[in-house]
Every structure is written in structure tokens, then in C-alpha cells.
Amino acid sequence: MSSIAGPSAPPVRRPPFARGPVLGAAAAQAALLTALSAGYGYHRDELYFRMLPPAWGYVDQPPLAPFLVRTFTLLADETWAIRLPATLCAALSVIVVAAITREAGGGRAAQSLAAWGYGFAVMPLSFGHVAVTPAFDLPLWPAIVLCAMRALLRREPRWWLAVGALLGLATWLKLLVALLAVSLLAGLLLIGPRRPLRSPWLWAGALLAAAIAAPNAVYQWANGWPQLAVGAGLAEGNAGHVRLLMWPFLLVLLGPPLVIVWWAGLRELLRRPAWRPIRGIAVALPILLGLVFAMGSQLYYPLGLLAAVYAIGCVPVAERRGTLPGVALDGPVRAWVAGWVGVNALAAALVGLPVLPEAWQRVVPVAAINPVARESIGWPAYVGQIAAVHDTLPPEDRARAVVLTANYGEAGAVDRYGPALGLPRAYSGHNGLGELGPPPAERTVAVVVGDVRRDVFARCEPAGTLAHPVPGGEENGAPLAVCRDPRGGWAAAWPPLRHLG
């Protein structure tokens with residue numbers, strides 16, 4: 001075993017990498033995700049990404065996630081194909097999380113707990129199932145923490161270059177990785193060690209991150225920082241329930257049975273002399289939670305850092321030294337912990353994956369709990385209802401009709417399933433689709449889906465509502481209408497139809 005140490009701290013000994021259990025967990029997770037990759041249907045973001053043309057950036061996000069989805073549609077325009085990179089990222093994240101445990105001194109038992117517990121937890125399974133931005137983020141945030149740990153524990157400051165490279169790469173998925181960087185930096189500032197802040201390697205890493213992120217920053221600057229408007233739009237709709245639910249949702253991110261593990265990680269980070277160089281991670285987590293609370297946009301943002309704290313907590317739990325108030329882990333805990341990991345994995349699979357038939361959702365409302373499932377069910381049925389309205393139009397109206405939707409999910413569903421039903425092209429003013437422009441001037445009839453502004457048309461006629469196949473869908477009850485003659489033509493009508501959020 002090699003010996004590593006931080007300043008004024010006893011050494012942390014790194015055991016061998018537990019290749020068998022860690023790679024076994026990653027492979028088992030990948031096999032499960034692959035087997036269920038065709039379940040339910042496209043997520044709304046997947047439908048959106050496949051519509052976006054290649055670009056250096058979009059008003060609501062960087063270009064990497066849409067690029068990956070569009071690239072894998074070349075293999076097959078099916079969910080099993082576009083989800084292959086998400087499955088790979090999820091499996092890679094299992095290995096990274098176990099590597100964090102090893103870096104903190106965890107042996108085979110601790111690494112096994114890290115890999116199997118995290119790999120089959122709720123949010124890693126749920127995000128690994130779909131090709132959405134958080135799926136591609138799964139390995140990056142923990143990898144940033146891992147490289148920072150290596151810089152601090154090994155006293156090898158060149159690892160800050162790896163931190164910078166990963167931070168820069170992560171901006172091609174989501175600029176919110178800046179929250180992680182701010183949180184880790186604040187942890188160093190508040191409780192140290194502060195010596196690395198004077199290292200030229202750390203600042204070289206920061207410059208490298210800025211250089212890799214520069215194209216995204218330039219795009220945002222050139223377009224008036226639209227992602228700030230998107231964030232404000234999300235906060236306007238989500239802030240109330242996010243700020244209320246984010247605290248109990250911490251129990252859900254990895255699953256209630258694993259709370260004792262990441263809590264042990266927080267406690268021991270502040271107590272173990274050997275972990276003094278990385279104790280700032282324990283402060284970074286509440287700082288990140290405070291930032292997410294202030295933003296009020298999405299509940300899952302703390303997942304990457306929480307996964308790292310969980311990985312660290314596997315060390316004291318495996319050593320039978322982690323405790324919760326009134327709960328001592330000094331008995332025969334291995335079977336107990338393994339049992340809870342198994343229970344958590346079963347519950348995570350039922351909630352986070354399309355294990356249950358779609359028809360059962362009326363009886364077992366998993367979709368009401370899991371937004372990923374909820375936003376993956378019902379799109380073909382919706383498009384069929386839209387097509388039914390389109391079919392009622394006179395032939396002369398159908399010849400000059402388009403579909404106009406309130407959001408990108410509806411537009412993406414029409415784009416994917418509409419051609420087989422004879423539907424015309426879908427348009428939407430939502431986020432990146434608004435950048436693609438309005439319908440052609442001669443297309444003056446619109447089958448309107450959702451809460452689209454009707455005052456931009458000379459006349460509109462109600463045409464029913466969408467019905468979701470399971471309770472709780474966002475589109476359930478969305479109004480349908482047939483609208484004609486955009487006032488002043490599409491050039492005048494399009495700007496009021498555009499919106500971010």
C-alpha cells in the first residue's frame with residue numbers, strides 16, 4: 001500500500017482497488033439500464049434534443065447533451081440507442097464513486113458498499129435510464145471531487161489541472177458546475193487547508209477550466225446571457241416547492257437507507273485527523289445546499305457532491321465506526337448494511353426504472369413520484385389526439401397547417417410520432433426551438449397545443465383537451481385549438497410566442 005498525507009495530518013493509506021466488486025457493480029447497473037432502456041418512452045428532454053440542430057450553444061444550455069442524443073439517433077432513432085451514452089456515464093460514475101472511497105482509505109468492503117449502494121440508488125438509476133443532461137453529469141461532479149481529494153491528500157498539486165479540465169468539460173453540459181467549484185473553494189477558505197489556495201497549480205487549473213469553458217461563456221455573452229433568464233423562469237415556477245422539498249428530498253437522492261452512510265461521512269470528515277486536508281468537503285455540501293435553496297430551481301442539483309460524501313462515509317461504516325445519534329455501528333453490521341442496500345436497490349428500481357407496466361401506473365402511481373417516469377409516458381397518445389384534431393380540418397386548411405406547441409416536449413413528440421400520422425411540422429417558441437424561427441408565411445393555420453398565446457391570431461376555435469394516460473402528467477388537460485391568420489404574419493406574431501424556462 002502507498003502512503004499519502006496532507007499537511008499536519010497522519011497519512012491515509014490507499015488499499016488496492018477492489019476490481020471485482022466495483023466493476024461487477026458497474027456492469028450489473030449497465031446491464032439493468034440496457035435491458036430497460038426501451039421502457040415507457042422518450043423523455044421530454046430527449047424529444048427536444050433530437051430536434052435541435054448542431055450548434056455551438058443554445059439559449060437554455062450548452063451543446064454537448066443535444067449533440068450526444070442527435071449523434072446516437074444515427075444508430076437508431078429509438079430510446080435504446082440514444083440512451084447508450086447515459087448508461088455508460090452512469091456505469092462510469094459507479095467506478096468514480098468507489099475510487100473516492102479508496103482515496104479516503106476504504107478497503108474492499110468500503111469500496112463494495114460505495115459501488116453497489118450508489119450504483120443502485122434512486123437518482124443514479126433514474127438519471128442513468130434517460131439521455132438527459134443530469135445523466136451525463138453523473139461521473140463528472142464526483143470526478144472533480146476525486147481529483148481535488150488527490151491534490152489535497154497526496155500533496156500532488158498537479159491534480160488541480162485535472163480538476164480544471166473536468167470543470168471546463170462539465171460546462172459543456174451545464175454551467176451550474178460553477179456551484180460545485182464555488183462550494184469547494186468556500187470550504188477551503190472557511191476551514192482549510194488554505195495553503196493550496198496559494199498554489200500556482202490550482203490557479204493554472206482555474207485558467208484551464210476557463211479556457212475550456214470559454215466558448216460557452218462567449219455564446220452566452222453574445223446572446224445576452226439567456227441562461228440567466230432560463231434559471232429565473234425555472235425559479236419562478238419551482239422556487240416555492242423546491243425550497244420546501246429540497247431538505248426531505250436529500251433522503252431520496254440516494255435513498256433513505258443510505259442516509260446513515262453519508263451522514264457518517266460528514267461527521268468523520270470533521271473529526272478524523274487523517275482527513276483534515278479534505279474536511280472542507282463537509283462544509284461544501286451545506287454551502288451547495290444553501291445555493292440551491294437560494295436559486296430554487298431543481299431538487300437534484302446536490303446529487304454529485306452528496307455522492308462524494310456518501311463514498312467517504314462508506315469508510316467509517318465499513319470500519320464499524322460511523323454513528324448516528326443513538327445508533328452505534330459497532331455490532332455485526334455487514335449483513336445489516338448489505339440488507340439495507342438491497343432494500344434500497346429494490347425500491348430504487350421500482351421508483352426509478354420502467355419495471356412496472358405502463359398500464360399499472362393508474363394503480364401504482366410511480367409516475368406521480370418520479371418526474372422522469374412521468375415525463376416519459378403518454379407522448380404517442382398525445383400525438384394521436386393532436387392528429388385527430390388535424391384530421392378534422394378541411395383539405396385546404398390541412399395544406400397550410402402547422403402544429404404550434406407551448407413547450408419543447410410537445411413539439412418533440414409531434415416531430416417524432418407525427419409524420420406517421422400525417423401531421424405537419426411542429427413549431428414552438430419555447431427555449432431553443434424559438435431560435436429556429438416561425439413557420440413559413442403561407443402556413444396560416446395552426447393546430448395549437450397547450451397554453452399558447454391566442455391573441456396573436458385573428459381567430460381561434462377550441463378543439464378539446466389532451467388526456468394523459470396516467471394521473472399527474474404536465475400535459476393532462478392541456479387545451480387544443482385551431483387558430484388562423486397570425487396578426488401581421490408570422491414575423492410579427494413570433495416574438496410574443498417565444499419564451500424561456
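- For Ala28, the side-chain contact (heavy atoms from CB on, under 4.5 Å) test picks out Trp116, Phe120, with sequence neighbours left out.
- Residues in residues 37-76 take part in no disulfide (SG to SG under 2.5 Å) pair, two or more places apart or across chains.
- Applying the side-chain contact (heavy atoms from CB on, under 4.5 Å) test to Ala387 and every residue at least two apart in sequence or in another chain returns Leu421, Leu423.
- No side-chain heavy atom of His430 sits less than 4.5 Å from a side-chain heavy atom of Thr405.
- The side-chain contact (heavy atoms from CB on, under 4.5 Å) test applied to Val283 returns Leu190, Ile191, Ile287, not counting sequence neighbours.
- Annotation: side chain of Val456 is not in contact with side chain of Pro486 (no heavy-atom distance under 4.5 Å).
- Applying the ring pair (Phe, Tyr, Trp, His ring centres under 6.0 Å) criterion to Trp490, with sequence neighbours excluded, gives Phe457.
- Remark: Trp379 engages Tyr382 in a ring pair (Phe, Tyr, Trp, His ring centres under 6.0 Å) (not counting sequence neighbours).
- Pairs passing the salt bridge (Lys or Arg N to Asp or Glu O under 4.0 Å) check and including a residue from residues 206-228, sequence neighbours excluded, do not occur.
- Two residues are said to be in side-chain contact when any heavy atoms from C-beta on lie closer than 4.5 Å; Met123 and Leu254 fail this criterion.
- Aromatic ring pairs are classed by plane angle as parallel below 30°, tilted from 30° to 60° and perpendicular above 60°; the pair Tyr417 and Tyr42 is perpendicular.
- Asp397 has a carboxylate O that lies under 4.0 Å from a charged side-chain N of Arg484, or vice versa, which qualifies the two as a salt bridge.
- Between Arg416 and Glu46 there is no salt bridge, since none of the side-chain N atoms of the basic residue sits less than 4.0 Å from a carboxylate O of the acidic one.
- At a threshold of 4.5 Å between non-hydrogen side-chain atoms, the residues Glu78 and Ile82 do not count as touching.
- With a 4.5 Å cut-off on side-chain heavy atoms, Val447 and Ile386 count as touching.
- Every pair passing salt bridge (Lys or Arg N to Asp or Glu O under 4.0 Å) that includes a residue from residues 418-437 is listed here, sequence neighbours excluded: Glu435-Arg498.
- Annotation: side chain of Leu169 is not in contact with side chain of Leu167 (no heavy-atom distance under 4.5 Å).
- Proximity of Leu180 to Leu305: side-chain heavy atoms (C-beta onward) are separated by under 4.5 Å at one or more points.
- Every residue meeting the side-chain contact (heavy atoms from CB on, under 4.5 Å) condition with Ala206, not counting sequence neighbours, appears here in chain and number order: Trp203.
- For Tyr300, the ring pair (Phe, Tyr, Trp, His ring centres under 6.0 Å) criterion is met by Phe127, not counting sequence neighbours.
- Under the rule for a ring pair (Phe, Tyr, Trp, His ring centres under 6.0 Å), the partners of Tyr48 that lie at least two apart in sequence or sit in another chain are Tyr408.
- The pair Arg44-Glu475 meets the salt-bridge criterion, since a charged nitrogen lies less than 4.0 angstrom from a carboxylate oxygen.
- Under the 4.5 Å side-chain criterion, counting only non-hydrogen atoms from C-beta, Leu466 is not in contact with Pro479.
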Subject >> Pair Leu480-Val448, side-chain contact (heavy atoms from CB on, under 4.5 Å): steps then yes or no >> reply: CA-CA 6 Å; Leu480 297 171; Val448 175; over 6 Å; no
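- Partners of Cys89 under the disulfide bond (SG atoms under 2.5 Å apart) rule, at least two apart in sequence or in another chain, do not exist in this structure.
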